[in-house]
Amino acid sequence: MDNKTILIFDDDVNILELCSIILVDSGYQVELSETSHDIIEKVSAVNPDLILMDNWIPDIGGIKATQLLKQHPEFNHIPVIYFSANNDIHILAETAGADAYLAKPFDLVELENIVKEVLVS
């Protein structure tokens with residue numbers, strides 16, 4: 001594996017820590033952010049292969065942050081997996097322009113599988 005980098009946006013440190021442990025164990029490099037208003041700067045600094053985006057994240061929220069990314073000519077190719085505990089997560093993900101979604105609470109195998117799936121496609 002050529003050490004792909006995953007950037008996770010979530011304001012819940014427990015989720016960040018959990019995802020980080022799982023994904024690092026799977027051989028990925030992981031970068032974390034607890035805010036989303038500076039998404040372009042973060043993405044520019046990290047240059048991730050994949051982004052995991054939480055819905056309820058300060059300051060601008062996951063939808064707006066994902067839209068900003070998807071409107072950016074330099075970064076709009078980066079796949080985003082939207083994750084949230086909302087029942088209508090598929091609608092939120094679609095509105096945001098995310099490439100995939102994962103409902104919280106998720107199973108760790110589900111997390112690994114969706115990451116692998118999105119990175120391969």
Gap separating the [atom1] atom of [X] from the [atom2] atom of [Y], nearest 0.5 angstrom:
{"X": "D59", "Y": "K64", "atom1": "CG", "atom2": "NZ", "result": "13.5 Å"}
{"X": "I8", "Y": "L52", "atom1": "CD1", "atom2": "CG", "result": "5.0 Å"}
{"X": "L23", "Y": "I6", "atom1": "CG", "atom2": "CD1", "result": "4.5 Å"}
{"X": "D49", "Y": "L7", "atom1": "CG", "atom2": "CG", "result": "10.5 Å"}
{"X": "I39", "Y": "H37", "atom1": "CD1", "atom2": "NE2", "result": "11.5 Å"}
{"X": "L111", "Y": "F106", "atom1": "CG", "atom2": "CZ", "result": "5.0 Å"}

Grouping I, L, V, M, F, W and Y whenever their side-chain heavy atoms are under 4.5 Å apart, do [X] and [Y] come out in a common cluster?
{"X": "V118", "Y": "I22", "answer": "yes"}
{"X": "L119", "Y": "M53", "answer": "no"}
{"X": "L102", "Y": "L32", "answer": "yes"}
{"X": "Y101", "Y": "W56", "answer": "no"}
{"X": "L18", "Y": "V115", "answer": "yes"}

Salt bridge (Lys or Arg N to Asp or Glu O under 4.0 Å) pairs, two or more places apart, involving [range]:
{"range": "residues 29-39", "result": "D38-K42"}
{"range": "residues 87-96", "result": "none"}
{"range": "residues 107-121", "result": "none"}

Practice problem: Output yes when a side-chain donor or acceptor of S26 lies under 3.5 Å from a complementary backbone atom of Y28, and no otherwise. | Solution: no
Quiz prompt | By ring-ring contact (aromatic ring centres under 6.0 Å, His included) - contacts of H72 (at least two apart) | solution = F75
Quiz prompt | Steps toward salt bridge (charged side-chain N to carboxylate O under 4.0 Å, His left out) verdict (K70, D99) | solution = CA-CA 10 Å; K70 291 299 185 181; D99 300 81; 2.8 Å; yes
Quiz item: Would you say D11 and D54 make side-chain contact, with heavy atoms under 4.5 Å?
Solution: yes
Self-check item: Contacts of I21 that satisfy side-chain contact (heavy atoms from CB on, under 4.5 Å) - sequence neighbours left out
Solution: E17, D25
Practice problem: May I ask you to decide whether D10 forms a salt bridge with K104, counting only side-chain N to carboxylate O separations under 4.0 Å? | Solution: yes
Kindly list each side-chain donor-acceptor pair under 3.5 angstrom involving residues 76-85, sequence neighbours excluded, with atom names and distances?
unit_1 : atom_1 : unit_2 : atom_2 : d
H77    : ND1    : E74    : O      : 3.3
Y82    : OH     : N55    : OD1    : 2.4
Y82    : OH     : I63    : N      : 3.0
S84    : OG     : N86    : N      : 3.0
S84    : OG     : N86    : OD1    : 3.0

